[in-house]
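Notes to accompany the following structure.
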Amino acid sequence: MTISEPKDFIREQVIQDNETNRFGGRVVTRFPPEPNGYLHIGHAKAIHADFGVAQSFGGHCNLRFDDTNPTKEEQEYVDAIQYDIRWLGYDWGDNLFFASDYFEQLYAWAVKLIQDGKAYVDDLTADEIRAYRGTLTEPGRASPYRERSVAENLDLFARMRAGEFPDGAKVLRAKIDMASGNLNLRDPVMYRIRHATHHRTGDAWCIYPMYDWAHGQSDAIEGVTHSLCSLEYQDHRPLYDWFLDQLGIHHPQQIEFARLNLTNTVTSKRKLLQLVNEGIVAGWDDPRMRTISGLRRRGYTPEAIRDFCDRVGLAKKPNVIEVALLEHCLREDLNKRALRVMGVLNPVKVVIENYPADQSEELEAVNNPEDPNAGTRKIPFTRELWIEQSDFMLDPPKKFFRLAPGAEVRLRWAYIIRCTGVVKNDAGEITQINCTYDPATRGANPIDRKVKGTIHWVSAAHALPAEIRLYEELFPQARPDEDENWQANANHASLQVIRDAVVEPTLADAAPFQHYQFERTGYFVVDPDSKPGALVFNRSVGLKDTWGKLEKQAS
RNA sequence: UGGGGUAUGGUGCAAUCGGCAGCACGACUGACUCUGGAUCAGUUGAUUGAGGUUCAAAUCCUUGUACCCCAGCCA
């Protein structure tokens, strides 16, 4: 690892382990998703930690699906998770594993624990086990089945596997300490009976290992050295260590860090699933969702997400990151790469009275001022244009640098125009703005006066219709799920669809997931729903808007 | 005294042996600008409380306080 890399407490630990030669200098991590939902921004942090730490030390990171609960897991999720991790830019090479691949080994180890008198078959019901477990402040009591003979346990456990008992009739438990202050050590369940079809092992098994029993042993099998997980597993570490010690097998170091929390965001698979199932959003990839697929569709880039993960850091302190940081990372990435184009969301017609109706010209526009290699393009200019309604005011306040009666404004890449009057309909709405243009101001500033404002426009004759989807926060409040009734916090007006926007003709062939900056408006991405002739754009994030801020302060 | 954790500006992360509390986001000024974008310059603002040790404490000691996690046959 080079000196310039960040040294969070996890990397410090690894450095120490390498110095003491604890794992022979090897560094192996793993990312262990359960395939029961889609990945979200919180997983991105974990992935970034798991793959990033391994990479820092020239090690590798396994992708291991923690598929020990057949009633909740599906192949669909296995596929989606792999797609998302790859899209984020991480590579597990050949190291794709499944906890279900280890079921046979896990079973053999369980038998060994029984033989050693360290595990037993319990006939108590789930409710009874809970009652016997005691409470946070009172010790538990031993199950009446705790002292069964090894032979009987062996027999019963074999028959559990053989399918002789119905769901819930028996479990295998580790025999540890019913009085421990750590509830996880009060004879945790290792196996439960589930006559369910598993997405990979089919009907080969009807007993399935619990997380605590499967996880550490899977880490050991894979030669993992540093097993990174979130804070809530701190209480499980003694159990993780206990199993490994009883078995006397390779013993990785579990290290816990604080999971990511984001303002205005729910990150809980259960809640995300609810948003989808209850139709509050359109699906897992709804651009308002901070799932990886939702962020992708919203126009986030892997680079922006990785940069974000870098900046949030890695520590044990529970945290809530402001979404502003996420948005900052996106803007910073897109500013360097997104091609600039002009699009008018809420058009109003401008007629340039002294520009001949039969005339048109091609003006050169810079594609990205931040990137000379992006080149230039030609955009058509004619007598009739669309401009943004908000770029005109009949009675403008001070510091409004745009178009108003008698005022001048620069048309981006084109001429300076002066407003001479407006046309209104019967309802009093402005339907047309009349202007004159100054032919001397193409590519040049006037010498006798200063024109401060520049606005974007699209030639009416060449404009392409477009649908534009604007998003606000799904949850306007910073911490939506502090509330028991968190779903009620959802803003059902968080998606605004504009169907009559117009964009410049160079966008005719814009392909899904292409990023653009609509000048002065924001960053937009082509939605997968988009087709030539029926363009659809999502606003990824707005540009910083100091004028908008002024307006807000004024109101 | 059930067990396990965490406390540094509004937010997140640093400060390696006890040695000038730093970086980023945000907010606020200003400069510049054919994007009210970008860029540049600057300002604001923090060590959980109380004692103690020390020339010197975010860091060491004592003692409080607050917050988070744990009682699934989920992970």
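Computed from a prediction, not measured in an experiment: that's the story for all the values here. Within every chain, numbering begins at 1; the chains are lettered A, B, ... in the order of the sequence lines, protein sequences first and strands thereafter. Values below: every heavy atom of this structure, side chains too, minus hydrogens, waters and symmetry copies.
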What's the verdict on side-chain contact (heavy atoms from CB on, under 4.5 Å) for A:Asp310 and A:Arg306, showing C-alpha distance, side-chain angles and the deciding distance? CA-CA 6 Å; A:Asp310 263 335; A:Arg306 280 190 256 123; 5.7 Å; no

Atom [atom1] of [X] and atom [atom2] of [N]: how far apart are they, to the nearest Å?
X	N	atom1	atom2	result
A:Trp457	B:rU35	CH2	P	15 Å
A:Lys452	B:rU33	NZ	P	9 Å
A:Lys552	B:rC28	NZ	P	11 Å
A:His328	B:rA27	NE2	C1'	15 Å
A:Leu330	B:rG37	CG	C1'	15 Å

Secondary structure of RNA chain B per the Watson-Crick/G-U criterion (both distances under 3.5 Å; [ ] crossing, | other strand, . unpaired) is .((((((..((((.....[..)))).(((((.......)))))....(((((..]....))))))))))).....

Rounded distance in Å between the [atom1] positions of [N] and [M]:
N	M	atom1	value
B:rG45	B:rC60	P	28 Å
B:rG30	B:rG18	C1'	41 Å
B:rA15	B:rU53	C1'	22 Å
B:rC13	B:rU48	P	14 Å
B:rU44	B:rG22	P	12 Å
B:rA57	B:rG49	P	15 Å
B:rG26	B:rU39	P	10 Å
B:rU11	B:rC68	P	15 Å

Are [X] and [Y], when compared by the centres of their aromatic rings, separated by less than 6.0 Å?
X	Y	value
A:Tyr211	A:His215	yes
A:Phe524	A:Tyr516	no
A:Phe157	A:Tyr107	yes
A:Phe65	A:Tyr77	no
A:Phe381	A:Trp457	yes

Contact between A:Phe57 and A:Ile15 at the side-chain level, heavy atoms closer than 4.5 Å - yes or no?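 In short, these two side chains touch, coming nearer than 4.5 Å.
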
For [X], which contact category applies under a 4.0 Å heavy-atom criterion: base, sugar-phosphate, or nothing?
X	value
A:Glu370	base
A:Leu543	base
A:His236	base
A:Glu322	base
A:Arg412	base
A:Arg340	base
A:Leu124	base
A:Phe518	nothing
A:Leu325	sugar-phosphate
A:Arg130	sugar-phosphate
A:Thr546	sugar-phosphate
A:Pro139	nothing
A:Asn69	sugar-phosphate
A:Gly522	nothing

Aromatic-base stack, A:Trp547 on B:rG36, cutoff 5.5 Å, angle under 30: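 Yes; centroid distance and tilt both under limits.
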
Report the nucleotide, chosen from [options], that has the shortest atom-to-atom distance to any side-chain atom of [X].
X	options	answer
A:Glu34	B:rC73, B:rC74, B:rU33	B:rC74
A:Lys544	B:rG2, B:rA38, B:rG4	B:rA38
A:Thr454	B:rU35, B:rC25, B:rG37	B:rU35
A:Ala324	B:rC25, B:rA38, B:rG72	B:rC25
A:Arg410	B:rG37, B:rC34, B:rC69	B:rC34
A:Ile321	B:rG12, B:rU35, B:rA75	B:rG12
A:Leu183	B:rA71, B:rG12, B:rC74	B:rA71

Reading RNA chain B from 5' onward, which residue's closest nucleotide shows up sooner: A:Gly181 or A:Lys170?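 Result of the comparison: A:Gly181.
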
If each of A:Val320 and A:Lys549 is mapped to the nucleotide of RNA chain B with the nearest heavy atom, which maps nearer the 5' terminus, i.e. the 5' end?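 Its nearest nucleotide being more 5', the pick is A:Val320.
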
Please classify B:rG9 as syn or anti, treating any glycosidic angle within 90° of 0 as syn.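 The base of B:rG9 is oriented anti (glycosidic angle more than 90° from 0).
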
What's the base orientation of B:rC17: syn (chi within 90° of 0) or anti?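 Syn conformation here, the glycosidic angle of B:rC17 being no more than 90° from 0.
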
For a quick test of reading the model: is some side-chain N or O of A:Arg331 closer than 4.0 Å to OP1 or OP2 of B:rC25?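 The answer is no; no side-chain N or O of A:Arg331 sits under 4.0 Å from OP1 or OP2.
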
Can you tell me if A:Thr68 touches the phosphate of B:rA75, counting only side-chain N or O atoms and a distance under 4.0 Å to OP1 or OP2?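 Yes.
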
So which protein nitrogen or oxygen atoms get under 3.5 Å of nucleotides 13-17 of chain B's nitrogens or oxygens?
from   : atom 1 : to       : atom 2 : distance (Å)
B:rC13 : OP2    : A:Lys317 : NZ     : 3.2

May I ask you to verify whether the side chain of A:Asn182 and the base of B:rG4 hold a donor-acceptor pair under 3.5 Å?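 There is none.
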
With distance as the sole criterion, do the side chain of A:Arg402 and the base of B:rG36 form a donor-acceptor contact below 3.5 Å?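 Indeed there is one.
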
Out of the candidates A:Arg141, A:Lys175, A:Arg146, only one should pair with A:Asp187 under the salt bridge (Lys or Arg N to Asp or Glu O under 4.0 Å) rule; please name it.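 Passing option: A:Arg146.
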
Judged by modelled atom types alone, do A:Thr263 and A:Glu322 share a side-chain donor-acceptor pair under 3.5 Å?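 Side-chain D/A pair, A:Thr263 to A:Glu322: absent.
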
Go through the steps to decide whether A:Phe537 and A:Phe518 satisfy the test ring-ring contact (aromatic ring centres under 6.0 Å, His included), and finish with yes or no. CA-CA 10 Å; A:Phe537 296 90; A:Phe518 287 11; 5.2 Å; yes

Just do the ring-ring contact (aromatic ring centres under 6.0 Å, His included) check on A:Trp547 and A:Phe401 with the steps written out, would you? CA-CA 10 Å; A:Trp547 168 250; A:Phe401 305 136; 7.4 Å; no

